[in-house]
Amino acid sequence: MKIIVCVKRVVDYNIKVRPKADNSGVDIASVKMSMNPFDEIAVEAAVRLKEAGQASEVVAVSMGVAQCQDTLRSALAMGADRALLVETDAELQPLAVAKLAKSIAEREQADLVLLGKQAIDDDCNQTGQMLAALLGCGQASFACDLQVDEDGLTVSREIDGGVQSVRLKLPAVVTTDLRLNEPRYVKLPNIMKAKKKPLERLSPEELNVDVSPRLTLLRASEPPRRQAGIKVADAAELVAKLRNEAKVI
Ligand code: AMP
């Protein structure tokens, strides 16, 4: 089973982002960037399948600027065998990423494509679903457990109020949720080894994919500041305030 894992370079989850002064977008100049946390979980899942002898190869794929190579090197250090960067300075929206991933999945004849359930920068939660539709294959989003057998996959999915189990034939697309696993801590020797692993660079044109954006960002702004709370003397005052001021009862 050949696995492709999509890894996105995003603003590190510890960074508090701010809108640009002209509100034209989020200011990401000189902030720390890291692998999207859900994609780390996807890489970990793929590498565990390889270690268990259930996957033959794990290929990490990223789309974006040249610096995405750092993200790919992190995936290689975690245990991916090789990496592919679709390099472009264009703004990539989920549909464009899904089209690029489709082209790569077909080129690589992948059996399984693993993605994060969402990228923590744009919170779209769209790419995996779009990719499965474009490939015309089965999908299991929000995976919290993944078992492979001869006929395909059994995936447990986190849904409102519980866990749903689904069976999938290969090829398939799976997106990872937080509880699927805990990504490994990468050790220095593996970081060194990752520098020697193959990293191929392609362009969207070589894959024949039009990546032009379909959505226009109108404005990025801070959420309204939360108002300070107040203390009430008793339940009667609370009820009065809820009724007369907040007008919620
Ligand atoms: P989104 O639909 O943008 O929330 O992203 C969902 C998942 O798609 C991410 O967790 C990644 O696995 C994958 N993905 C999105 N954008 C990219 C990208 N530029 N490069 C690689 N993978 C991506």
Side-chain angles (χ1 to χ4, degrees), residues 3-13 17 25-26 28 33-47 58-76 78 80 82-105 107-108 110 112-135 137 139-144 146 155 157-158 172-181 183 199-204 207 209-215 217 220:
I3 306 179
I4 284 186
V5 195
C6 292
V7 293
K8 185 175 187 187
R9 176 179 181 266
V10 296
V11 174
D12 187 88
Y13 70 95
V17 289
V26 174
I28 57 164
M33 306 293 280
S34 302
M35 188 190 301
N36 183 44
F38 293 107
D39 302 351
E40 281 187 12
I41 294 171
V43 177
E44 179 66 34
V47 172
V58 176
V59 185
V61 177
S62 194
M63 294 90 174
V65 293
Q67 293 89 323
C68 293
Q69 285 179 75
D70 299 341
T71 316
L72 288 169
R73 291 283 169 212
S74 305
L76 293 169
M78 286 178 74
R82 61 189 172 89
L84 259 166
L85 168 63
V86 184
E87 193 173 332
T88 174
D89 290 334
E91 179 210 330
L92 291 177
Q93 292 177 351
L95 183 58
V97 176
K99 286 180 180 172
L100 293 169
K102 170 185 188 261
S103 171
I104 289 171
R107 200 180 104 125
E108 295 281 341
L112 174 62
V113 186
L114 286 171
L115 305 93
K117 73 166 178 180
Q118 73 194 62
I120 60 162
D121 51 0
D122 56 21
D123 272 345
C124 278
N125 180 2
Q126 294 173 357
T127 311
Q129 294 88 329
M130 286 177 171
L131 172 62
L134 292 173
L135 285 170
C137 71
Q139 62 168 302
S141 46
F142 316 124
C144 58
L146 171 63
V155 182
R157 308 181 52 235
E158 299 220 356
V173 172
V174 173
T175 73
T176 58
D177 212 323
L178 206 60
R179 275 160 285 270
L180 181 60
N181 60 47
L199 192 158
E200 189 185 345
R201 290 158 80 155
L202 292 164
S203 66
L207 296 171
V209 174
D210 171 13
V211 295
S212 18
R214 304 295 180 93
L215 304 172
L217 174 68

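Note that ligands are numbered from 1 as they come in the structure, with each ligand's atoms numbered from 1 the same way.
Inter-residue side-chain proximity for Glu87 and Cys68 is flagged as unmet; no heavy-atom pair is nearer than 4.5 Å.
Remark: minimum distance from atom 22 (N) of ligand 1 to any protein heavy atom is reached at Cys6 CB, 3.5 Å. Here the heavy atom of the protein found nearest to atom 8 (O) of ligand 1 is Thr127 CB, 3.4 Å. When only non-hydrogen protein atoms are considered, atom 18 (C) of ligand 1 lies nearest to Met63 O, 3.6 Å. In terms of protein heavy atoms, atom 16 (N) of ligand 1 is closest to Lys8 CD, 3.3 Å. The closest protein non-hydrogen atom to atom 3 (O) of ligand 1 is Asp122 OD1, 3.2 Å. Nearest protein heavy-atom contact of atom 7 (C) of ligand 1 is Gly116 O, 3.3 Å. The closest protein non-hydrogen atom to atom 13 (C) of ligand 1 is Leu115 CD2, 3.8 Å. Shortest contact from atom 14 (N) of ligand 1 to any protein heavy atom: Val97 CG1, 4.0 Å.
Of the possible polar contacts, none joining the Arg157 side chain to the Phe142 backbone as a donor-acceptor pair under 3.5 Å is found. Within the 3.5 Å criterion, the main-chain N or O of Lys8 finds no donor-acceptor partner in the side chain of Thr71. Checking side-chain atoms of Asp177 against main-chain N and O of Arg179 turns up no donor-acceptor pair under 3.5 Å. A donor-acceptor pair under 3.5 Å links the side-chain atoms of Ser74 to the main chain of Asp70, judged by distance alone.
Applying side-chain contact (heavy atoms from CB on, under 4.5 Å) to Met63 and the options Val209, Leu100, Leu84 leaves one that passes, Leu100. Of the candidates Asp123, Thr176, Thr127, Asp123 is the only one forming a side-chain hydrogen bond (donor to acceptor under 3.5 Å, both in side chains) with Gln118.
Numbered from 1 in the order shown, with element, the atoms of ligand 1 that lie under 4.0 Å from a heavy atom of Asn125 read 1 (P), 2 (O), 4 (O). Counting the atoms of ligand 1 from 1 in the order shown, those under 4.0 Å from a heavy atom of Asn36 are 9 (C), 10 (O). Atoms of ligand 1 lying under 4.0 Å from any heavy atom of Asp39, numbered from 1 in the order shown and given with element: 9 (C), 10 (O), 11 (C), 12 (O). Residue Val7 has at least one heavy-atom neighbour below 4.0 Å for each of these atoms of ligand 1: 20 (N), 21 (C), 22 (N). Each of the following atoms of ligand 1 lies closer than 4.0 Å to a heavy atom of Cys124: 1 (P), 2 (O), 3 (O), 4 (O).
Here the CG-CD distance, from Asp122 to Gln93, works out to 9.0 Å after rounding to the nearest 0.5 Å. Distance check, rounded to the nearest 0.5 Å: CZ of Phe38 to OH of Tyr13 gives 12.0 Å. The structure places OG1 of Thr175 at 12.5 Å from CD of Gln126, a figure rounded to the nearest 0.5 Å.
By the 3.5 Å distance cut-off applied to N or O atoms, Ala119 is counted among the residues near ligand 1. When only interatomic distances are considered, the shortest N/O to N/O separation between Asp123 and ligand 1 does not fall below 3.5 Å.
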